[in-house]
Every structure is written in structure tokens, then in C-alpha cells.
Trainee: 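Input: one structure, supplied below.
All chains are named by letter (A, B, ...) in the order of the sequence lines, taking the proteins before the strands, and each is independently numbered beginning at 1. These numbers were taken from a predicted model, which means no experiment stands behind them.
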Amino acid sequence: MAPKSTRKVSRNPELIRGIGKYSRSQMYHKRGIWAIKAKNGGVLPRHDPIPKPEAPALKPPKFYPADDVKKPLVNKHKPKPTKLRASITPGTVLILLAGRFKGKRVVFLKQLPSGLLLVTGPFKINGVPLRRVNQSYVIATSTKVDISAVNVDNFDDKYFTKEAQKKKKKGEGEFFEGEREEKSVLPQQKKDDQKTVDAALLKAIEIVPDLKAYLGARFSLKDGVEPGVAWLQRILGLSLKKLGCKEYLD
Amino acid sequence: MVKGRQGERVRLYVRGSILGYKRSKSNQYPNTSLIQIEGVNSKEEVAYYCGKRMAYIYKAKVKKNGSHYRCIWGKVTRPHGNTGVVRAKFKSNLPPRSMGARVRVFMYPSNI
């Protein structure tokens, strides 16, 4: 059989859904069925079916379920990581808006495959370790740190998952002893990872004047600062349009 | 609420006050509340706050989850009128005694 080159576009362009440009006889000519037939002596070539491999004989099943159970449809959908905002690039200083470290200014390292952002204080400056953060809980400032010296390739979501709790079998004796609290100690590996990432970052930070103090300070809305939207405009230097107000502006 | 935290208190929310329920002259619709966000004075500025989460925090006598403070979460839905008032929907309707009370409008989910 001649090698099949699968066409990507159909030879019959659509005028409207369900109606092609060319008629049946025109398509016959376009597809070259006449040439294939001529090659084969006036008849469309016919190939014998490929013999199927012998299927092993199936024994009748011992058990038939009483009710017909519907099989769920196959879902081959693979989620993509959340789209990263244009204002967030590796090295951007972010402000955390919620959680234990709210208000802290933090350096963005990379986006993990789950869509969360990998972020570090650095730990020495403001106590924020290597951490994952959701994009929605973060404001991106325009300050950027040079992050080319930092190697973040070996961090992914599995690094941050909690360790599965080993099942404790309660023997008779232990039952009466009461539960012992197990302290979860941070493994040394994670502390070392933190140090290596921070070492490279700190060098880049110390070059920029005042950046270290900036990262150490917490962000806060203060009384007297114009609330509403004006403070945002001033701090971030953005126009009303960029802040998302465009629907109501002419 | 925060457990015994010493040190800086950071305010990462904007203050708002609860004006009442969405209403016409003689009917009110308690599923939507009207909120006045501090400093927001026009419809254009409100667009930044649309979708942001808010919390109405109040105290109660009985400790629940280890705290006397309780919270009703909600979000800003749309502007109300031309001068910066905002409509908000809460997980459960705000109680009538909350009128005139404080609401915290947070800066998340953020889009900046």
C-alpha cells in the first residue's frame, strides 16, 4: 500500500457549517479517485482484511452483578498551571496578603507545575522560608531582584507535600498511656536547601542599596494614607485603567 | 483570630462600614448588604474592589473554635450608585445589628 500522508486540512472548505464549497462530483475529481481507479484497472483497489490475532477463549464469568452499573465517562483533561500575571517575573518582590506572613515582602523564584508560586524571604532577612503561595494572595511590586545566580530547578510540588502520617497501632498498653505528641522536626535537607538558595540571593540583594531593609519591613496600610484606590496608584505607580477600573471609565 | 502575636500589627485590609441592606423605599432585601469603603468615592474606583473578600467580625459570649471572635465572610459584588458605595454578598446574611458596624475589605484575590 502506498504510504498514507494524512492531510491536515480538508480539500473541501466549509462555506457554512455542514455545507462545503465543492459538490460530490467535484470532490471525486479533487481526491483523484479517478486516478486511483485508472491505476487499478477501473476498480477501486481492495485490500484483504489483516487477520486478527487469535483472541483467547473467554470463560463465562462466574459472577454477574445484579444491577447495571454505569461506567463513568473517560476524562483525559490535564489541568495547566494558572496563567502567571505579566507583572510577576522571576526576581520580582511580592507582598504577601494573607496567612502567617502577611505583609511581608518576599522574592519570587518560579512558578511550580501546580500553578503556585515558589517564594523565599530570604529567610535571614524576614523569616519567610521557601514557601508556596497562590497568585491571588500576592501583590506584585515593580521592584526586581537579579535571580540569575539562584538555582531553583530541584524544587517542585512534591518537595512541599506533608509527610504521610504513619498509622499508629494502638496496643493495649499504649491506650492507657495517652497520646504522645510527636514533634515534626524540619529535616536538615530542607534547611540546607534554604541556605543555598538564600546565599545566592543575598549577594544579589546586598548590591542594591536599601533593598535588604525594604525586604525586612512589613507592608501595611496606614491611617492617613489615602485609602480607596489612590494609595495603590501612588505606591504602584499604576493608572486607574491598569487597576482594573477600565469597565467604568470611558 | 491571631493567637497572642506580639510585634507589628499590619493592617492589610481597608476599613468599611455597613450601611444596611439593599432596599427600595419600603422593602429591603437582606441577602445583599451595602458597604461604604473608606476613601472610595466614585464608581470607577470601586472596580478595583470588585471581587475582593470581606469579613464581618463580631464577638460572642460562647467560645467557638477556641475564640470569642466570629466571622462572616463575603465579597464585594458590584458598585451601588455613583459615589463609591458597594454591594456585597455574604456567606450568610448579615445580622441587622451589624448596621453601622465595621467590615474588613481585604486585598485578595488580587489581580495586580
Side-chain angles (χ1 to χ4, degrees), chain A residues 82-88 92-105 117 126-127 133-143 216-250, chain B residues 1-19 34-55 57 71 73-88 102-112:
Chain A
T82 351
K83 184 158 176 232
L84 202 59
R85 275 182 244 150
S87 54
I88 302 181
T92 314
V93 173
L94 307 172
I95 303 177
L96 299 179
L97 293 176
R100 191 171 156 200
F101 299 104
K102 58 173 163 279
K104 297 262 191 195
R105 295 178 171 103
L117 310 180
N126 52 21
V133 148
N134 189 315
Q135 214 189 150
S136 293
Y137 292 85
V138 136
I139 290 186
T141 62
S142 51
T143 316
R218 265 179 135 145
F219 174 81
S220 171
L221 292 178
K222 298 201 178 86
D223 297 332
V225 175
E226 326 87 81
V229 182
W231 59 269
L232 264 180
Q233 290 182 271
R234 189 174 50 80
I235 290 176
L236 300 172
L238 295 171
S239 63
L240 266 183
K241 218 177 191 183
K242 258 213 165 162
L243 285 174
C245 302
K246 53 183 184 292
E247 303 145 27
Y248 296 100
L249 287 176
D250 289 322
Chain B
M1 283 297 284
V2 176
K3 281 188 256 180
R5 175 177 291 184
Q6 265 111 25
E8 330 168 49
R9 298 287 171 86
V10 277
R11 179 166 68 89
L12 282 165
Y13 57 86
V14 182
R15 290 183 282 244
S17 54
I18 302 177
L19 300 177
L34 301 178
I35 312 283
Q36 173 83 54
I37 304 179
E38 217 176 72
V40 178
N41 291 319
S42 72
K43 207 159 69 167
E44 291 75 30
E45 291 176 24
V46 169
Y48 165 74
Y49 286 96
C50 277
K52 299 286 181 284
R53 310 209 64 212
M54 348 161 83
I57 296 170
C71 172
W73 282 97
K75 48 167 96 155
V76 174
T77 52
R78 51 177 286 191
H80 180 81
N82 293 326
T83 36
V85 177
V86 132
R87 292 194 206 177
R102 257 292 162 255
V103 115
R104 297 189 187 187
V105 184
F106 296 101
M107 304 204 289
Y108 51 82
S110 149
N111 197 22
I112 311 177

Trainee: Grab the two heavy atoms, one from S87(A) and one from I112(B), that are nearest each other, plus how far apart they are.
Mentor: OG-C, 3.6 Å

Trainee: Within the 4.5 Å heavy-atom criterion, are F219(A) and L12(B) side-chain neighbours or not?
Mentor: yes

Trainee: Side chain, backbone, both or neither: which part of F106(B) has a non-hydrogen atom closer than 4.5 Å to chain A?
Mentor: neither

Trainee: State, to 0.1 Å, how close K102(A) and V10(B) come at their nearest heavy-atom pair, and which atoms those are.
Mentor: O-CG2, 3.8 Å

Trainee: Of the backbone (N, CA, C, O) and the side chain (C-beta and beyond), which part of L96(A) lies under 4.5 Å from a heavy atom of chain B, both, or neither?
Mentor: backbone

Trainee: Which atom pair, heavy atoms only, marks the closest approach of R11(B) to S220(A)?
Mentor: N-OG, 3.0 Å

Trainee: Which atoms form the tightest heavy-atom contact between S136(A) and Y108(B), and what is the distance?
Mentor: O-CB, 3.6 Å

